[in-house]
Amino acid sequence: MKALGRALAYLWHYRRNALAALLALMLVSAANLLAPQMVRLAIDEGIGQGRWEAVLVAVAGLVAVAAVRGAFTFAQGYLAERASQGVAYDLRDALFAQVERLSFSYYDRVQTGQLVTRITNDVEQVRAFVGAGVVQLAAAIIMLFGTTVVLLVLNWRLALVALAAILPIGFLLARFVQRVGPLFGQVQQVLGRLNTVLQEDLSGGRVIRAFAREAYEIERYDRVNRELLDKNVQAMRAIANNFPFVFLFANLGTFAVVWYGGLEVLGGQLSIGELIAFQTYLAFLLFPILTIGFLAAGISRAGASAARIFEVLDAPLEIRDRPEAHPLPPIIGRVEYRAVDFRYPGTDRDVLSGVSVTVEPGQLVAILGTTGAGKSTLVNLLPRFYDVTSGSVAIDGHDVRHVTLASLRGQIGIVLQQALLFSGSVRDNLAYGRPEASLEEVTAAARAAHADEFIQALPQRFETVIGERGVGLSGGQRQRIAIARALLVDPRLLILDDSTSAVDAETEAQIRQALDGLMRDKRRTALVIAQRISTVRDADLILVLDDGRIAAQGTHEELLRESPLYNEIVGSQLAEEGDVTAQPPSLKGREGLAPLPLRDGGVGSKL
Amino acid sequence: MSQVIQAIAGAPRERAERRAATLRRLLGEWGPHRGQLPAAFVLVAVGAGAQAVGPWLISRAIDRDILGGDPGGLAQTMLLLLAVYVVGALATRGQIYRVGSIGQRVLASLRARLFEQLQHLPLGYFDRRPVGDLMSRVINDVDTLNQLLSQGLTQLLGSLFSLIGIIVAMLTLNPRLALASFTVIPVMLLTTAYLAGRARQAFRTTRETTGDVTAELQQEIVGIREAQAFNRTEENIASFRVRNQANRDANVGAVGITSAFAPAMDVLSTLATALVIGYGSFLVFSDELTVGVLAAFLIYVQQFFRPIQLASQVYAQAQAALAGAERIYAILDEPREPADPPEAAEIGAIDGWIEFDAVCFEYEAGREVLHDVTFTVEPGQKVALVGPTGAGKTTIATLIPRFYDVTSGAVRVDRRDVREVTRGSLRRQIAMVLQEPFLFSGTIAENIGYGRLGATREEIVDAARVVDADGFIAALPGGYDTRLGEGGYALSQGQRQLLAFARAVLADPRILILDEATSNVDTRTESTIQQALGTLLAGRTSVVIAHRLSTTRRADLILVVDEGRIVERGTHGALLARGGLYADLYRRQFRDQPRPVTGLGEPVVSAATRGS
């Protein structure tokens, strides 16, 4: 419920709409209170005393009431909904901004299916209550007191009898809220799980089919689906066990008024018109109670949803600008890791320990190591996707934690391990890091990443729309787009994570050629995680990572001389090489066909 | 109901017909619960009856008992009223529970069928649709249906019955006053139809903008790492804001229309009250009506409008729900992967013989991606598919487990056309390891165990050991019970790939397809895997796609694919000697490897020993 209170704070922003809606609703209620008086007038003075004018006055009064009521009801509904929608908008906006800023470590833990549910369904639940619901609730409470006073003034005996009859409603509603609140929370939670299964099924479709596990998936989904059904039926039962009885007690109010009032009429203490008017007022007492009841269900639901929303909004932004953070000046590209230790939050094993490295501006650094040695983690510290556990990472002498994220990341070009493309045109994807880039720049970047050729062959070239996960493009094509995307940012610092492993030899050669050229021209610093010796041997510095430590560093030649581990890696790749040298004629025969200037242009000229 | 139909009639004809068909189909969903429907109807009718009888009893109390000065009669009437109220409440309780539960069951069944359908749609279907869009359909559309089925329909039914009851009661009490009151109905219907027509358009916009919001969310959350890497968070927030705004404005626009419903009905209902009082008083003056009946009419007129108001709300709900149902049925009606033909047999234990016989294939009509591919793989052979990016290697591989059907020609496994055997029996004997391993949320053990239903923990650990994944798994905080998030991001790409390998090992396939499976693991790990697979694959057929030609070197058959054709075939040695595309690719890859001739004594020794 505390969460709901916080959600209500969002209504403050729309207080004008909400208050106007409340005012309109109060006017509607006031108009409503007049109506029974018209009825009484018609019956007691009109029919009772045979006066036509009284009937006419009553009818005219009712029409006037109808007009006022209609206008204000509309105003109320519209204004309240505007406030509601405004709150939903603000919540979604805040959630999305939070989602965009949450750290990588958060996403290591959380499931996207759950997040989507929170931003859509949960916000919807809160919206349904905050705004329109709150206005109605406020109006209902005011009405409840107002009507009670009116009833007591009209006939306090009758009023007390009626109130006694409908008292149990309060108890029923309280019980309902208490019982149903947690239940709705569970329904939402199971729904989130169901959506996660669905999402995984949609994303992992190929794996499922490859292992012929459709039946298993259906069974998995069915289990959660049945659980959801169960919870929903329970919620139904709770509703069925409460609401009809709320109505019953409401009716008992009528029952008590007619019986007791009837006896008073018989005893001459009450006129028949007063009885009927009283009976009508009773409806105005019941109406707010029922409104509160209906809202009660919504309150529990909204409360559970609000709690889940604030769970996301309250998740700590582990990586954020420090208050004293200053923009990182245009970088030259000197990178230092100083005694860096790192472990993932919630684990107790260091992924990196005691890593110290200095990279000079313009150097090409290759990072090599076994699977899980910490290569990706090492480069992820540079754009501050994670913060070091101890030690520090500095660019041009600035600790990355002391500069603003935008200025830091804006100057680093990154090709992530899995090239994720967005649904949209090829051009949109290329310009992802610099939406304002001109077509010339985009084309140039594509050309530099050797993506130009296949893009030109696509049906609408740069405007071709590609699927969510880049379906329709091969892995190599996606990777080249990802590289072009990083190049378009024109970074001084370039990080390539495994990016050339999935392309064929020819493509890789083209990409390397392009990158090498770019790096020499503009003196970029580049950190490249690679598997192949052929990729790394040109590097100015090779880091060999083993189990979170730098086992060796140096140039290819140095490492060959000094590092057994490096030699082992080289060995594992050269196993095949013996055959190549065993057939020198075929090799030499083609050496001249496509001379690639990589070797000559690489290391030597840069140092 | 009449107004619902009325308003539907306002829509373009074929649209209305489609809607009506959807509605019929949706009602057909209640079929399995037919047995419960009579009871539900009876309960609804009793509840509605109680509502209609109540005011009549009150009018009797006023006219006969109070005005007649009969306290005993009043007590009698009142006790009767009490009984009616209690019966009504109990009936309503039964009805809410029953109808609501049936609705939930219908929904659960729809969800289950949707999910099942998704398992059977051809893969091509998913290539064309973003995950977010499909998610939105299954989640949001089912949810709008939920609102209709769990509340709306009960309310509608209840309203309908009360309406009938009230109309009957009014006509019985005083036909003239009743008919006079009914004159408001046509006005009401016209107003409703008008507003409903406008609401439909507004709701469509609302739904579309909601779909946009969901789709963008989905995509952005999946791509969050890119967003942060490219410093796009602020732009993304701004772009989401635009969609969010559009959605809000569409909703507010729709509310401008829907919030006119209630007041319009309210005005009409008050006018009806005025009418009843005015005309009723006239009738009382002319002694054709009693005060009690007038009082009853006042209650009836109020109650009369409530069902109609409810119905108009339900109508709006129904509009949204029908649109949702239409989209749900569109998925359900999508042709499935051609079903296993009735005569399809289990393929039985296979040896692993594969044949492509003049296979042509196109993903979309008119764009053939494989042309006349023919080759044969003997059981136990290792065949490597080699060629430039986009040549069609993956496509060839996916035809073996029949992810797609060939356009012409045939793919045969153990001399049987894959289209003649059941998919399950075929696929269970084929394992694939893809370049981007997909892990499910769950434990590591569960993920490996995905390879074979019912595998024991020992078998899972053994499989992990075979691919050398045991070491890193044991080092994880929870060992094999470590939970992985969706996508398994806490693991490195290479580690995830090892899990995918272990999964394949556990599947114990006769045919193993490796699609770039080792390009994300380091070469040392790769050689471990290769060795493990070497023993594992003895006597099994494997199809390997790899860019690292070192991996493919030892293949029994190398197929060089270029632009959808097999341009060269043979062994490594033969192809090198031939000096074609393969030799060219190979040379490029190893062109600048440090060669032993430059004096790398040690590696060569180790390479030689490894090689032998």
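All values reported here derive from a predicted model rather than from experimental measurement.
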Contact class of A:F247 relative to chain B, heavy atoms under 4.5 angstrom: neither

Heavy-atom distance under 4.5 Å to chain A: side chain of B:A61, backbone, both or neither? side chain

Quick one: which of A:G262, A:G410, A:P244, A:G77 has the most heavy-atom pairs under 4.5 Å with chain B, could you say? A:P244

Measure the spacing between CD1 of A:I119 and CG of B:L217 and express it to the nearest 0.5 Å. 4.5 Å

Output the option from B:T92, B:L90, B:D65 having the highest count of non-hydrogen pairs under 4.5 Å with chain A. B:T92

Report yes or no: does A:R409 contribute a side-chain atom to a donor-acceptor pair with the main-chain N or O of A:P383 at less than 3.5 Å? yes

Just wondering, do B:R111 and A:L194 contact through their side chains at under 4.5 Å, heavy atoms? yes

Compare all side-chain heavy atoms of A:L266 with those of A:L263 and state whether any distance is below 4.5 angstrom. yes

Hey, mind stepping through A:L248 and A:F255 against side chain to side chain contact (heavy atoms under 4.5 Å, CB included) and telling me if it holds? CA-CA 10 Å; A:L248 175 65; A:F255 164 81; over 6 Å; no

Heavy-atom distances under 4.5 Å only: say whether B:A264 touches chain A with side chain, backbone, both or neither. neither

B:N244, B:I66, B:I237, B:V267: which one forms the most heavy-atom pairs within less than 4.5 Å of chain A? B:N244

Examine whether an atom of A:I412 lies under 4.5 Å from a heavy atom of chain B, and if so say whether it belongs to the side chain, the backbone or both; otherwise answer neither. backbone

The salt bridge (charged side-chain N to carboxylate O under 4.0 Å, His left out) partners of B:R423 (sequence neighbours excluded) come to B:E337, B:D340

Can you say whether A:I218 sits under 4.5 Å from chain B via the side chain, the backbone, both, or neither, judging by heavy atoms? both

When the 4.5 angstrom heavy-atom criterion is applied to B:I513 and chain A, the contacting part is neither

Begin with the C-alpha distance, continue with both residues' side-chain angles, and end with the deciding distance and a verdict on side chain to side chain contact (heavy atoms under 4.5 Å, CB included) for B:Q119 and A:Y221. CA-CA 11 Å; B:Q119 308 305 311; A:Y221 188 82; over 6 Å; no

List in chain and number order the residues that pass salt bridge (charged side-chain N to carboxylate O under 4.0 Å, His left out) with B:E116, two or more places apart in sequence or in another chain; answer none if no residue qualifies. B:R336

Atom of B:A108, atom of A:N225 and distance for their closest heavy-atom approach: O-ND2, 2.8 Å

Does any heavy atom of chain A fall under 4.5 Å from the side chain of B:Y97, the backbone, both, or neither of them? both

Kindly compute the distance separating CZ (A:R92) from CG (B:N247), expressed to the nearest 0.5 Å. 5.0 Å

Can you tell me how far CG of A:L228 sits from CD of B:Q104, rounded to the nearest 0.5 angstrom? 7.0 Å

Option that, when pairs with chain B are counted at under 4.5 Å, heavy atom only, ranks first among A:Y78, A:Y89, A:W259: A:Y89

Which of the residues A:V489, A:L252, A:T377, A:N241 is involved in the greatest number of heavy-atom pairs with chain B at under 4.5 angstrom? A:N241

Return the option, out of A:N251, A:V59, A:I239, A:L275, with the maximum number of heavy-atom pairs under 4.5 Å with chain B. A:N251

B:A91, B:A431, B:G256: which one forms the most heavy-atom pairs within less than 4.5 Å of chain A? B:G256

Close side-chain approach of A:L229 to B:R105, heavy-atom, < 4.5 Å: yes

Sub-4.5 Å side-chain heavy-atom contact between A:E217 and B:L118: no

Cut-off 4.5 Å, heavy atoms of chain A, and the answer for B:I430 is backbone

Highest number of heavy-atom pairs under 4.5 Å with chain B among A:D222, A:V258, A:V265 belongs to A:V258

Is B:V213 close to chain A through its backbone or its side chain, or both, or neither, when contacts mean heavy atoms under 4.5 Å? side chain

Relative to chain B, which of A:L56, A:V65, A:L102 shows the most heavy atom pairs under 4.5 Å? A:L102

What part of B:P401 gets within 4.5 angstrom of chain A, counting heavy atoms only: side chain, backbone, both, or neither? neither

Chain A contact via B:F403 - which portion, at a heavy-atom distance below 4.5 Å: side chain

Selection from B:G47, B:G54, B:A75 maximising heavy-atom pairs under 4.5 Å formed with chain A: B:A75

